[in-house]
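All ligand and atom numbering here is 1-based and tracks the order in the structure.
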Amino acid sequence: MKKIFFSIIAISFFIAACSKKSSTGGGAVTPPTVIDTSMYTMMPFAVGASVNINLMQNNTKYNSVVKKEYNSITAENAMKFGALHPSANTYNWTDADYLINFAQLNNKRVHGHTLIWYTSLPSWVTNFVGDSAAWENLLKTHIQTVVTHFKGKVVSWDVVNEDFEDTGVPRNSIWRQKLGNDYVARCFQYANQADPDALLFYNDYGHEYSAAKRTAIIAMLNDFKARGIPVHGIGMQFHITVGQSDANISAAINTAASTGLKVHISELDIRLNASAVQGLAYTNAMGVQQAARYKYVVKTYKAIPASQQFGITTWNVGDADSWIPGWQGAPDWPLPFDANYLRKPAYAAIIDGAK
Ligand code: 9MR
């Protein structure tokens, strides 16, 4: 345990201190040169974060950590249906275009999230009245308008998000109700028509805790491949707990890799307070335990074929930005940076796991 802790500290800050006496012999000392690392430069595959546009624009620490540490970004919310397409004939590109501009200026990859989801829909969609042709047109128009707008700027899309229940049963979403079971395949076809170069992912959570769900997802993707439906990747969210077992993490990653598709760990966070204890306080011991889980995830991912490693994306940047405390109704610290954007033990563990 001690060993792990010290190697984490050692990697966290690679400090080359070269202090030399001045050649004039006057006793002046050159200050040490601090060479600070950047996570993405240490990783063999892309490392990303989902970002909040408001924080990108108004919090300089947040913005500079995103710029420095990651080479891939996902909009946490700005590319969702309700954000981009608030009424039938209105598209609002402002926030998403800000992100694209940031990415272009700073040489970051942008992963699009998400074209079709059962939730975060605007009321004009949930209240929409029309026959199946009108619904099909709504679906196709949204997908193709969005993909066309970002063509050449967004390299990959979560085309459909969270289409299965944990039992492995297809979700009875508004889309399935209106368009039938095979609407998922058509979403991929519509996206592919609009940007044949974009990599298209199916994204979901729970691969690690529900074998039934991951089996259903893999069966759908294998069926798509057999039918020539354009699908290139599988996104596994990985909102996991610190107690999640090695066996479950490995089963999720290796089963996904068995499809031959690209694998994206797309929304990684590791929560410490899964039993939602009120008033719990973060301790360094908790941070070290969390780091070991981060390391295991990265190490297992690193072992799949390099050509399938699309990357690992955490769901936001610092602990204070995470969706987890709000959702859980209790404090938590699920990310590799703390509330002040200082690196936690998980940060070095990610780099360590990829070695
Ligand atoms: O983190 C996101 C949160 O800010 C939003 O309110 C919520 C609803 O749009 O979505 C959260 O992100 C989700 C992601 O889009 C899909 N997988 C689960 C994520 C956490 O709920």
Side-chain angles (χ1 to χ4, degrees), residues 48-59 62 66 70 72-86 92 95-96 99 110-126 142-143 146 154 156-166 171 173-175 184 187 200-210 213-214 217 233-241 244 252 256 263-271 273-274 276 297 310-337 339:
S50 75
V51 299
N52 171 311
I53 306 300
N54 182 43
L55 289 170
M56 286 294 285
Q57 293 173 335
N58 299 310
N59 184 327
Y62 183 92
V66 172
Y70 304 97
S72 178
I73 46 183
T74 304
E76 184 179 17
N77 291 308
M79 292 187 186
K80 289 175 181 170
F81 203 128
L84 287 182
H85 196 172
N92 180 359
D95 283 358
L99 196 64
V110 181
H111 173 70
H113 174 85
T114 173
L115 294 169
I116 295 297
W117 193 16
Y118 72 92
T119 186
S120 290
L121 292 171
S123 55
W124 76 267
V125 172
T126 49
H142 176 77
I143 292 173
V146 172
V154 163
S156 50
W157 283 100
D158 289 334
V159 176
V160 177
N161 192 43
E162 301 176 7
D163 194 57
F164 286 91
E165 302 286 355
D166 285 352
R171 192 184 289 279
S173 68
I174 190 165
W175 303 114
V184 184
C187 291
L200 305 180
F201 285 73
Y202 173 77
N203 193 52
D204 214 326
Y205 64 90
H207 291 253
E208 70 287 356
Y209 65 75
S210 171
K213 187 171 186 171
R214 73 171 171 259
I217 291 169
I234 174 165
M236 295 192 290
Q237 297 182 7
F238 262 55
H239 296 292
I240 69 176
T241 65
Q244 190 51 267
V263 179
H264 185 198
I265 296 189
S266 55
E267 306 186 12
L268 179 62
D269 46 34
I270 303 185
R271 54 192 191 275
N273 188 15
V297 170
F310 185 71
I312 295 186
T313 298
T314 61
W315 207 240
N316 224 315
V317 178
D319 285 337
D321 317 319
S322 171
W323 71 290
I324 295 278
W327 167 76
Q328 190 169 252
D332 217 313
W333 308 267
L335 290 164
F337 292 91

Q: Would you mind reporting whether Ile73 and Leu99 have side-chain heavy atoms less than 4.5 Å apart?
A: yes
Q: Ignoring hydrogens, just give me the one of Asn52, Asn77, Leu121 whose non-hydrogen atom is nearest atom 4 (O) of ligand 1.
A: Asn77
Q.
Closer than 4.0 Å to some heavy atom of His239 - which atoms of ligand 1 meet that?
A. 18 (C), 19 (C)
Q.
Counting only heavy atoms closer than 4.0 Å, does ligand 1 sit against the backbone of Trp315, its side chain, both, or neither?
A. side chain
Q: Do me a favour and list the nearest non-hydrogen protein atom to atom 19 (C) of ligand 1 with residue, atom name and distance?
A: Glu267 OE1, 3.3 Å
Q.
Can you name the atoms of ligand 1, numbered from 1 with element, that are less than 4.0 Å from a heavy atom of Asn161?
A. 16 (C)
(Q) Parallel, tilted or perpendicular: which one describes the rings of Phe81 and His85, with boundaries at 30° and 60°? (A) parallel
Q: Identify, by atom number and element, the atoms of ligand 1 in contact range of Glu162, meaning under 4.0 Å from any of its heavy atoms.
A: 16 (C), 17 (N), 18 (C)
Q: Please write down residue, atom name and distance for the protein heavy atom closest to atom 1 (O) of ligand 1.
A: Glu76 OE2, 2.5 Å
Q: Would you check if Tyr209 and Asp166 make a side-chain contact, meaning some heavy-atom pair closer than 4.5 Å?
A: yes
Q: Over 60° means perpendicular and under 30° means parallel, so classify the ring planes of Trp323 and His239, tilted if in between.
A: perpendicular
Q. Nearest heavy atom to atom 7 (C) of ligand 1: which of Gln237, His113, Met79, Lys80 does it belong to?
A. Lys80
(Q) So Leu335 and Phe337, do their side chains get closer than 4.5 Å, heavy atoms only? (A) no
Q.
Is there a side chain to side chain contact (heavy atoms under 4.5 Å, CB included) between Met79 and Val154? Walk through the geometry before answering.
A. CA-CA 11 Å; Met79 292 187 186; Val154 163; 4.1 Å; yes
Q | Candidate list Glu267, His264, His111, test side-chain hydrogen bond (donor to acceptor under 3.5 Å, both in side chains), partner Thr313, passing option | A | His264
Q | 4.0 Å heavy-atom contact, Trp117 with ligand 1 | A | yes
Q: For the residue pair Gln57 and Asp95, confirm or rule out a side-chain donor-acceptor distance under 3.5 Å.
A: no
Q: Measure from atom 9 (O) of ligand 1 to every heavy atom in Gly82, Ser120, Ser50, Ala83 and give the option owning the shortest one.
A: Ser120
Q | Residue part near ligand 1, for Trp327, under 4.0 Å between non-hydrogen atoms | A | neither
